[in-house]
There are 2 protein chains.
Amino acid sequence: MSRDELAPGPETTTETTDADRFTNARAIRSTALFEDYTELIADLTEEFGEARITDIARRLGVTHPTANKAVLRLKREGLAISRPYRGVFLTEAGAAMAREVKARHRLVVRLLIAVGVPPEAAEMDAEGIEHYVSETTLKAFEAYLGGRD
Amino acid sequence: MSRDELAPGPETTTETTDADRFTNARAIRSTALFEDYTELIADLTEEFGEARITDIARRLGVTHPTANKAVLRLKREGLAISRPYRGVFLTEAGAAMAREVKARHRLVVRLLIAVGVPPEAAEMDAEGIEHYVSETTLKAFEAYLGGRD
DNA sequence: TTGGAAATATAGCATTGGCTACATTTCTGT
DNA sequence: ACAGAAATGTAGCCAATGCTATATTTCCAA
Ligand SMILES: [Mn+2]
Ligand SMILES: [Mn+2]
Ligand SMILES: [Mn+2]
Ligand SMILES: [Mn+2]
């Protein structure tokens with residue numbers, strides 16, 4: 001039952017292992033929350049001029065202490081700023097993330113709908129899928145959607 | 001700056017809120033790890049006749065104590081069984097999850113490739129995406145891939 | 001057969017991301 | 001102006017998921 005050096009394959013090019021894929025997915029998982037927060041804060045700021053903890057919490061479906069703690073992490077990472085008892089705002093880095101994430105979100109929804117997924121399901125599933133779509137895949141989606149914009 | 005009762009909309013049908021989408025994504029996040037473990041244990045069992053902690057850990061790119069702890073959770077949830085210092089095996093529930101997840105994994109890869117994503121990127125991204133694809137979306141993927149099977 | 005290597009288990013630590021309960025501050029209607 | 005309501009902040013709890021270090025068990029080769 002030897003399992004060493006299994007199937008080395010004829011590849012001379014560096015090979016993508018299972019571990020690479022799972023490690024990639026784990027790395028993304030740890031940034032997905034920040035992506036949702038920055039995208040949401042950008043939305044709220046556009047709608048209301050500021051993003052308040054209560055509104056963030058309600059839109060995400062979490063309690064306000066949970067939102068508050070997440071915002072502390074966002075601030076620590078340089079993605080947001082806020083003064084006590086005041087609204088939350090994105091830094092330039094946070095705004096850049098929000099723009100990037102929003103574009104990805106929309107493209108994923110459009111792609112899903114284009115291949116026949118009902119809009120409701122597309123919106124629902126995209127909320128999770130969006131975080132795992134690489135640049136390469138995004139480009140492919142753009143090419144696929146191509147003309148019919 | 002009133003934000004109460006904003007845009008109630010003309011819907012009579014129950015509406016999907018932002019919070020619903022995020023709550024759904026959080027629920028899925030908490031099962032994604034189990035899905036990867038069951039799928040992997042099924043693969044290893046087929047390849048070697050058993051799934052050993054060391055092999056699980058190496059394939060996932062984590063340390064073996066991490067894999068061991070995850071297997072304890074799998075056992076607690078009735079998805080796997082094992083005796084001390086021996087291989088891990090899936091219960092019927094675990095095997096059912098593995099089958100379902102593997103089918104989803106393959107369909108997602110096929111769909112991505114079908115819309116023009118390079119196979120390498122498709123495999124990489126599918127590892128995360130697969131967990132967030134609903135039954136409805138899966139059905140749409142099947143319909144889209146339709147004939148050219 | 002037995003000693004070292006390999007595999008497995010366990011202990012203990014850290015962070016994340018949930019929650020409830022309670023404290024503090026700000027806002028608002030009278 | 002001020003009292004009560006609303007918003008925000010903080011403390012403390014928990015589970016999940018990662019890690020390193022160490023102990024134990026099993027396997028294998030001489
Ligand atoms: Mn999302
Ligand atoms: Mn999004
Ligand atoms: Mn996966
Ligand atoms: Mn998979």
Side-chain angles (χ1 to χ4, degrees), chain A residues 1-5 19 22-38 40-41 44 48-77 79-89 127-128 131, chain B residues 1-5 19 22-38 40-41 44 48-77 79-89 127-128 131:
Chain A
M1 207 185 286
S2 132
R3 67 250 296 164
D4 300 315
E5 308 295 331
F22 289 117
T23 299
N24 175 253
R26 278 196 303 279
I28 290 173
R29 194 183 57 197
S30 79
T31 65
L33 199 83
F34 282 173
E35 295 191 340
D36 283 335
Y37 270 88
T38 54
L40 176 54
I41 290 169
L44 290 169
F48 303 119
E50 63 177 346
R52 302 176 55 173
I53 290 289
T54 297
D55 294 327
I56 293 170
R58 185 182 43 244
R59 288 252 192 133
L60 289 176
V62 297
T63 60
H64 69 86
T66 294
N68 196 273
K69 209 182 281 192
V71 166
L72 289 180
R73 291 196 296 273
L74 284 177
K75 290 167 75 171
R76 194 191 59 199
E77 299 301 320
L79 296 168
I81 51 171
S82 73
R83 298 195 337 277
Y85 293 97
R86 298 289 139 166
V88 180
F89 300 89
E127 199 54 71
H131 307 287
Chain B
M1 206 183 287
S2 134
R3 69 249 296 164
D4 299 316
E5 309 296 332
F22 289 117
T23 298
N24 175 254
R26 277 196 304 277
I28 289 172
R29 194 183 57 199
S30 79
T31 66
L33 200 82
F34 282 172
E35 295 191 340
D36 283 335
Y37 269 88
T38 54
L40 177 54
I41 290 169
L44 290 170
F48 303 118
E50 64 177 344
R52 302 176 54 172
I53 290 289
T54 297
D55 294 327
I56 294 171
R58 185 182 43 245
R59 288 251 191 138
L60 288 176
V62 297
T63 60
H64 66 85
T66 294
N68 195 274
K69 209 181 283 192
V71 167
L72 289 180
R73 290 195 297 273
L74 284 177
K75 291 168 74 171
R76 195 190 58 200
E77 299 301 320
L79 295 168
I81 51 172
S82 74
R83 297 192 343 274
Y85 293 95
R86 297 287 134 158
V88 180
F89 300 89
E127 199 54 72
H131 308 286

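Letters go in sequence order (proteins before strands), and every chain restarts at 1. Heavy-atom basis, side chains included; hydrogens, waters and symmetry copies ignored. The structure presented is a predicted model; accordingly, all values stated were derived computationally and were not measured.
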Only counting residues at least two apart or in another chain, list the ones meeting side chain to side chain contact (heavy atoms under 4.5 Å, CB included) with [X].
{"X": "B:Leu44", "value": "B:Leu40, B:Phe48, B:Ala51, B:Asp55, B:Ile56, B:Arg59"}
{"X": "B:Thr63", "value": "B:Pro65, B:Thr66"}
{"X": "A:Arg29", "value": "A:Arg26, A:Tyr132, B:Arg29, B:Leu33"}

With sugar-phosphate meaning primed atoms plus P, OP1 and OP2, does B:Arg73 contact a base, only sugar-phosphate, or nothing at under 4.0 Å between heavy atoms?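 Since a base atom lies under 4.0 Å of B:Arg73, the category is base.
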For [X] and [N], what is the distance between atoms [atom1] and [atom2] respectively, to the nearest whole Å?
{"X": "B:Phe22", "N": "C:dG18", "atom1": "CZ", "atom2": "P", "result": "11 Å"}
{"X": "A:Ile56", "N": "D:dG9", "atom1": "CD1", "atom2": "C1'", "result": "14 Å"}
{"X": "B:Phe34", "N": "D:dA16", "atom1": "CZ", "atom2": "P", "result": "7 Å"}
{"X": "A:Arg26", "N": "C:dT16", "atom1": "CZ", "atom2": "P", "result": "16 Å"}
{"X": "A:Ile53", "N": "C:dT25", "atom1": "CD1", "atom2": "C1'", "result": "14 Å"}
{"X": "A:Asp55", "N": "D:dA7", "atom1": "CG", "atom2": "P", "result": "8 Å"}
{"X": "A:Arg83", "N": "D:dA7", "atom1": "CZ", "atom2": "P", "result": "19 Å"}
{"X": "A:Leu74", "N": "C:dT15", "atom1": "CG", "atom2": "P", "result": "17 Å"}

So how far is it from [X] [atom1] to [Y] [atom2], rounded to the nearest 0.5 Å?
{"X": "A:Thr23", "Y": "B:Glu127", "atom1": "OG1", "atom2": "CD", "value": "10.5 Å"}
{"X": "A:Asp36", "Y": "A:Thr38", "atom1": "CG", "atom2": "OG1", "value": "8.0 Å"}
{"X": "B:Arg52", "Y": "B:Arg58", "atom1": "CZ", "atom2": "CZ", "value": "9.5 Å"}

A:Arg76 side-chain N/O to C:dT16 phosphate OP1/OP2 under 4.0 Å: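 True: A:Arg76 side-chain N/O within range (under 4.0 Å) of C:dT16 OP1/OP2.
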Any A:Thr54 side-chain N or O less than 4.0 Å from OP1/OP2 of D:dA6: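 Indeed not, no polar side-chain atom of A:Thr54 lies that close.
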List the atom of B:His64, the atom of B:Ala57, and the distance in Å for their closest heavy-atom pair.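 Closest heavy-atom pair between B:His64 and B:Ala57: CA-CB, 3.7 Å.
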Please list every donor-acceptor pair under 3.5 Å in which a side-chain atom of residues 67-76 of chain A meets a protein atom from a residue at least two apart or in another chain.
unit_1	atom_1	unit_2	atom_2	d
A:Lys75	NZ	A:Ser82	O	3.1
A:Lys75	NZ	A:Ser82	OG	2.8

If you find the nucleotide of DNA chain C closest to B:Tyr85 and the one closest to A:Arg86, which residue's nucleotide is nearer the 5' end?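 It is B:Tyr85, whose closest nucleotide lies nearer the 5' terminus.
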For DNA chain C, the dot-bracket notation using Watson-Crick and G-U wobble pairs below 3.5 Å, [ ] for pseudoknot-type crossings and | for other-strand pairs, is ||||||||||||||||||||||||||||||
Relative to the 5' end of DNA chain D, which residue comes earlier, B:Pro84 or A:Ala51, by the nucleotide with the nearest heavy atom?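 Nearest nucleotide further toward 5': that of A:Ala51.
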Please walk me through it: do A:Leu60 and A:Tyr37 pass side chain to side chain contact (heavy atoms under 4.5 Å, CB included)? CA-CA 9 Å; A:Leu60 289 176; A:Tyr37 270 88; 3.3 Å; yes
Specify the residues of residues 61-69 of chain A, ordered by number, for which at least one heavy atom lies under 4.0 angstrom from an atom of DNA chain C.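 Only A:Val62, A:Thr63, A:Pro65, A:Thr66, A:Lys69 qualify.
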